[in-house]
Amino acid sequence: MPLIGEIIPSRWSYEALAVTSFTDNAYEAPLFKTDQEKYETQFYNFGYVEELQSQLETMKDEQDKGKEVDPNHIKTIRTNLPVLTSFCGMAPYQGDYSYPSLRQYLKDAEHLLTERSNAISLKADKHISNMIRDMGKDAVLELKRDNYNLKLEDCVVGADQKKMLEVIDNHIVPRMQTVFLTPLNHWGRAPFYSSVKILGDWHIKTLWFNMCVLLLMCFILSIFLFTDWPGRAIRK
């Protein structure tokens, strides 16, 4: 979120309402944790890895054709590779940032994420199968019909976005599936519609974090009203 957006109360209240309505409704609540694992893994596999591979291949193509190599390619790789390493749980990259070394490292990450994605997809399918077995297919469909909002899904998942991600100032920025992604910032900032905010080592649900922010805003505004500030300073 842009900083200017962080001081608008409706930003915090609307996000809390939208995210909670999506993650905590009767249909999605028992599935969300598994869905989060599945979609977050797919984002890093089909988004993060492929973007870094694209940057690497473009850099190699420019070298082979004798063109001037854009330094942003290697900067993007250096900036985002530790994030990928952390998510995959791989050993930190210790190579020389040459093409063969980076290509192999990204292939290893892709293989690991593909295996993880397949395992999580089977887990998610099993979860749905268990719900159908316990409740019956018609009951599950009725539960989804009564609680799941497709328009809300378009908003929080970003289905209306044309790109899964963008590269801005050498950082990979997600444009889709933000409700399933774990924020990288540990000071409470996160992409809009994130389901959790991280403060230090604490993972706080968006509902409770945003309510605390709104209460803090009310407290600060109350102080301004009672002290007549900044009006007093302006009148001087």
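The side chain to side chain contact (heavy atoms under 4.5 Å, CB included) test applied to I220 returns L216, F224, not counting sequence neighbours. Scored by the ring pair (Phe, Tyr, Trp, His ring centres under 6.0 Å) test, Y97 finds Y93 as partners (sequence neighbours excluded). Applying the side chain to side chain donor-acceptor pair (under 3.5 Å) rule to D134 yields no partners; only residues at least two apart in sequence or on another chain are considered. With sequence neighbours left out, R78 forms a salt bridge (Lys or Arg N to Asp or Glu O under 4.0 Å) with no residue at all. Evaluation of the side chain to side chain donor-acceptor pair (under 3.5 Å) rule for H111 yields E115 as partners, not counting sequence neighbours. For K107, the salt bridge (Lys or Arg N to Asp or Glu O under 4.0 Å) partners are E110, not counting sequence neighbours. Remark: D64 pairs with K60 by the salt bridge (Lys or Arg N to Asp or Glu O under 4.0 Å) rule, at least two apart or across chains. D108 pairs by the side chain to side chain donor-acceptor pair (under 3.5 Å) definition with Q104, not counting sequence neighbours. Qualifying side chain to side chain donor-acceptor pair (under 3.5 Å) partners for Q177, counting only residues two or more places apart in sequence or in other chains: none. In terms of the ring pair (Phe, Tyr, Trp, His ring centres under 6.0 Å) criterion, residue partners of Y44 (sequence neighbours excluded) are, by chain and number, Y48, F87.
Checking side-chain atoms of S117 against main-chain N and O of Q42 turns up no donor-acceptor pair under 3.5 Å. Remark: the backbone N or O of I223 is paired with a side-chain donor or acceptor of T227 at under 3.5 angstrom. Of the possible polar contacts, none joining the D61 side chain to the E57 backbone as a donor-acceptor pair under 3.5 Å is found. N149 places a side-chain N or O within donor-acceptor distance of the main-chain N or O of L152, the cut-off being under 3.5 Å. Between the side chain of W187 and the main chain of L199, no donor-acceptor pair closer than 3.5 Å is present. Side chain of T58 to main chain of S54: a donor-acceptor pair is present (N/O by atom type, distance under 3.5 Å, no hydrogens or angles). Panel note: side chain N185, backbone A190; no donor-acceptor pair is recorded below 3.5 Å. Checked by atom type and distance alone, the side chain of H203 never pairs as donor or acceptor with a backbone atom of I198 at under 3.5 Å.
Expressed to the nearest 0.5 Å, how far OG1 of T41 lies from CG of N118 amounts to 10.5 Å. Rounding to the nearest 0.5 Å places NE2 of H73 at 12.5 Å from CG of L52. To the nearest 0.5 Å, atom CD of residue E62 and atom CG of residue D70 are 6.0 Å apart. We find the CZ-CG distance between R11 and L214 to be 9.5 Å, quoted to the nearest 0.5 Å. How far OG1 of T76 is from CE of M59: 10.0 Å, rounded to the nearest 0.5 Å. With rounding to the nearest 0.5 Å, the separation of CG in L184 from OG in S194 is 9.5 Å.
A heavy-atom distance below 4.5 Å is found between the side chains of C88 and L113. The closest side-chain heavy-atom distance from S13 to N210 is not below 4.5 Å. In this structure, the side chains of E6 and R189 come closer than 4.5 Å at one or more pairs of heavy atoms. M217 is listed as a side-chain neighbour of W12, based on a closest heavy-atom distance under 4.5 Å. Between L221 and L225, the closest side-chain pair of non-hydrogen atoms falls below 4.5 Å. Contact annotation: the side chain of L102 approaches that of I74 to within less than 4.5 Å [non-hydrogen atoms, C-beta and beyond].
Side-chain N/O atoms of E51 and Q55 include a donor and acceptor closer than 3.5 Å. If you check the side chains of T206 and E15, you find no donor sitting under 3.5 Å from an acceptor. Using modelled atom types and a 3.5 Å distance limit, the side chains of N170 and T79 yield no donor-acceptor pair. With no hydrogens or angles considered, no side-chain donor-acceptor pair links Y99 and Q63 at under 3.5 Å.
One hydrophobic cluster, built from ILVMFWY side chains closer than 4.5 Å, holds both V49 and M90. Cluster membership check: F192 does not share its hydrophobic cluster with M211, using side-chain heavy-atom separations under 4.5 Å among Ile, Leu, Val, Met, Phe, Trp and Tyr. Under the 4.5 Å side-chain heavy-atom criterion for Ile, Leu, Val, Met, Phe, Trp and Tyr, V140 and I128 are members of the same hydrophobic cluster. Linking Ile, Leu, Val, Met, Phe, Trp and Tyr whenever their side-chain heavy atoms come within less than 4.5 Å puts L31 and V19 in one cluster. Using a 4.5 Å cut-off between side-chain heavy atoms of Ile, Leu, Val, Met, Phe, Trp and Tyr, with links allowed through other members, V167 and L106 fall into the same hydrophobic cluster.
When all heavy atoms of M164 and G47 are compared, the closest pair comes out as SD-CA, 3.6 Å. In terms of heavy atoms, P174 sits closest to I172 at CD-O, 3.9 Å. Across all their heavy atoms, H127 and P30 have their closest contact at CE1-O, 2.9 Å. Looking at every heavy atom in both residues, D35 comes nearest to F180 through CB-CE2, 3.9 Å.
More than 12 heavy atoms of other residues, nucleotides or ligands lie within 6.0 Å of CE in M135, so this atom counts as buried by the packing criterion. When the shell of 6.0 Å around CZ of R103 is examined, it contains 12 or fewer heavy atoms from other residues, nucleotides or ligands. With a 6.0 Å radius and a threshold of 12 heavy atoms from other residues, nucleotides or ligands, L215 has its CG atom above the threshold.
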F22 and S195: CA distance, side-chain angles, deciding distance, side chain to side chain contact (heavy atoms under 4.5 Å, CB included) verdict:
CA-CA 9 Å; F22 178 78; S195 62; over 6 Å; no

Is there a side chain to side chain contact (heavy atoms under 4.5 Å, CB included) between V173 and L165? Walk through the geometry before answering.
CA-CA 5 Å; V173 179; L165 54 84; over 6 Å; no

Might you work through the side chain to side chain contact (heavy atoms under 4.5 Å, CB included) test for Y39 and L181, ending with a clear yes or no?
CA-CA 8 Å; Y39 288 110; L181 303 181; over 6 Å; no

Under the criterion salt bridge (Lys or Arg N to Asp or Glu O under 4.0 Å), I'd like the reasoning laid out for E37 against R116: C-alpha separation, chi angles, the key distance, then a yes or no.
CA-CA 9 Å; E37 293 177 11; R116 187 185 297 180; over 6 Å; no

Determine, stepwise, if the pair V179 / Q36 fulfils side chain to side chain contact (heavy atoms under 4.5 Å, CB included).
CA-CA 8 Å; V179 72; Q36 184 178 27; over 6 Å; no

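The list of side-chain hydrogen bond (donor to acceptor under 3.5 Å, both in side chains) pairs with a residue in residues 20-34, not counting sequence neighbours, reads D24-K205.
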Under 3.5 Å, which donor-acceptor pairs link side chains of residues 141-148 to any protein atom two or more places apart or in another chain?
{"unit_1": "N147", "atom_1": "ND2", "unit_2": "L143", "atom_2": "O", "d": "2.8"}
{"unit_1": "Y148", "atom_1": "OH", "unit_2": "E153", "atom_2": "OE2", "d": "3.1"}

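Between Y193 and Y14, the ring planes lie perpendicular to each other; the angle is over 60°, past the 30° to 60° tilted range.
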